[in-house]
2 protein chains.
Amino acid sequence: MEDGKLTVRAVERALDIMLCFTDSSNLSLTEIAVRVSLHKSTVHRLLASLEGKGFVVRDFATDKYRLGFRIWELSANMTHSDDPAIILLPEMERLRDQLDETISLYVCDGLERVRIQAVESNQAIRRVAAIGARLPLYVGASSKILVAFAEPQVQEALMKAKNMPVGLERSVFLKQLADVLSQGYATSVEERELGAAAVAVPIFNQAHTLVASLAVSGPSNRLTLEKMKEHAPVLLEAARRMGKMVR
Amino acid sequence: MEDGKLTVRAVERALDIMLCFTDSSNLSLTEIAVRVSLHKSTVHRLLASLEGKGFVVRDFATDKYRLGFRIWELSANMTHSDDPAIILLPEMERLRDQLDETISLYVCDGLERVRIQAVESNQAIRRVAAIGARLPLYVGASSKILVAFAEPQVQEALMKAKNMPVGLERSVFLKQLADVLSQGYATSVEERELGAAAVAVPIFNQAHTLVASLAVSGPSNRLTLEKMKEHAPVLLEAARRMGKMVR
DNA sequence: TTTTCAGTTTCATTTGATGAAACCCTGTTA
DNA sequence: TAACAGGGTTTCATCAAATGAAACTGAAAA
């Protein structure tokens, strides 16, 4: 054994099988075997165990497997820590691995935004993001998201506030917000910090209220406008999935 | 091996551990070990595997385990068969085992109710309940539930219908419905069938609309009024949990 | 201080998980 | 029609890996 981790291999393999279903909801035995790099017979046995306990079920018609009612049952009984910073971390890590850029999560707090969670890219040149950092709500992609999709009273409070930067015209700001609303995501290039760019999207909960802003950020020479356009749909899809996890 | 089932013991044990959390959301290592009848060290290793994959997490303060975000994540991505008859079956089986009486699930269909799911008690004398049976909406505990908590238009349609039994005064029926609404559950003793009694409660989905009626039924000499009063809170709690599972 | 109790780690034992290969289907090609 | 292909299923010899007793740790209670 002696791998340092005191775990049970068979169990980890079974759990890996379950995790396959985050990508596609219906998988055949051999498809799963390929994904987890195990032999058919091994996967078959593990699936039999999962099926016996109701963690996966098989579609009689297609013989494909999908997640079982037990997952649903367990999740219904979960008193899930409703802290998005905890809930969304694994999704953010996945996104970071996919895009290989720093991923941040912001919420509004008064007339500022707070970075409540962040996972950094592994690249040598990367956006470094401190969790807990407080930033202004006037500049940056996430600011636009948090303001554009906010309740009207939040927007008004912000407009009334005195600390609006001198260079920023109210009308320009409003135009930016309108653009964000229409395209569904926001970008920023060297707005707040030299050499930095970002794309941000809103995360809505099941009740369709704004929960947070999810952003990918990196050096502006790597995170070009084209790259940002590419990333936007990925971010939006991730945000959609994350929205299901928070309330 | 030769037990007929081609399964992996370690995996089944790990899944049993997860199922412990349907009863209580926070459990210590030894509590779990007792529940699954395994040695501490075995449970510890299995939990380490589950924890490593995020299926359980431990509360730093209390050192107790609870279900992890992965469950939530998986369930969010599930395209769950929204058929209550399938979803709620395991909960119904659990309830049957707890109360040792027949459990039925009814939905309204027009001016009738349909038993869309049932699990029978194991006792020799028991309520036999055929799945798919259609019953009138005038008598029986589940009828009262399905009518009392229904949308107003359903109630009106029922009142207008001509096939109301002769012996049943409209005013009496209305009084019954009011009682059901006030106490939250309905009972019936030998209303529809001689020697049979039942308690029924409503199942509401997350949107607080009536989905089905959940009933426990048995011989009236065993399912006495006192027993029914005892069962009611159990049923209500079960229905509350079931409501989270359907939409 | 000692005791107790929960969690953790070690380790010898051997069970029981493993994967190659064979087998069984059902649908498809020759 | 037979041969083939491609999925799922079962068998089985092998030995890696899961097991549980016991020892260990550390913190809290007596």
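No hydrogens, no waters, no symmetry mates; every other heavy atom, side chains included, goes into these values. What you see is a predicted model, and the numbers here were worked out from it, not measured in a lab. So that the names make sense, note that chain A is the first sequence line, chain B the second, and so on, each numbered from 1.
- What separates CD of A:E12 from C1' of C:dA17 is a distance of 15 Å, to the nearest Å.
- When all heavy atoms of A:V11 and B:A10 are compared, the pair lying nearest together is CG2-O, 3.4 Å.
- Protein atom CZ of A:R13 is 14 Å distant from nucleotide atom C1' of C:dG16, rounded to whole Å.
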**OP:** Show your reasoning for whether ring-ring contact (aromatic ring centres under 6.0 Å, His included) applies to B:F204 and B:F149.
**Re:** CA-CA 9 Å; B:F204 298 105; B:F149 291 98; 5.4 Å; yes
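- Remark: the B:R94 side chain and the B:T22 side chain contain an N/O donor-acceptor pair separated by less than 3.5 Å.
- Between A:S104 and A:M92, the shortest heavy-atom contact is C-CE, 3.9 Å.
- In this structure, B:T42 does not reach the D:dT19 phosphate: none of its side-chain N or O atoms is under 4.0 Å from OP1 or OP2.
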Just the atom pairs and distances: protein N or O near nucleotides 5-9 of chain D's N or O, under 3.5 Å.
| unit_1 | atom_1 | unit_2 | atom_2 | d |
| --- | --- | --- | --- | --- |
| D:dG8 | OP1 | A:L29 | N | 3.1 |
| D:dG8 | OP2 | A:T30 | N | 3.0 |
| D:dG8 | OP2 | A:T30 | OG1 | 2.8 |
| D:dG8 | N7 | A:K40 | NZ | 2.9 |
| D:dG8 | O6 | A:K40 | NZ | 3.1 |
| D:dT9 | OP1 | A:R58 | NH1 | 3.1 |
| D:dT9 | OP2 | A:H44 | NE2 | 2.8 |
| D:dT9 | O5' | A:H44 | NE2 | 3.3 |

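- Nearest heavy-atom pair across A:E12 and B:S49 is CG-CB, 3.9 Å.
- Here the P atom of nucleotide C:dA6 and the CD1 atom of B:I32 are 14 Å apart, to the nearest Å.
- As a whole-Å value, the separation of B:L46 CG from C:dA17 P is 11 Å.
- The residue from A:V34, A:T30, A:I17 that alone fulfils the side chain to side chain contact (heavy atoms under 4.5 Å, CB included) condition with A:V43 is A:I17.
- Listed here is the closest heavy atom pair of B:R113 and B:S143: NE-OG, 2.7 Å.
- Closest approach of A:L105 and A:A212 over heavy atoms only: CD1-CB, 3.9 Å.
- Evaluation of atom-type donor-acceptor distances gives no pair under 3.5 Å for the side chain of A:R45 against the base of C:dG16.
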Polar-atom pairs under 3.5 Å, protein N or O versus N or O of nucleotides 24-29 of chain C: list them with distances, or write none.
none

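- If you find the closest nucleotide of DNA chain D to B:L38 and to A:R9, the one lying nearer the 5' end belongs to A:R9.
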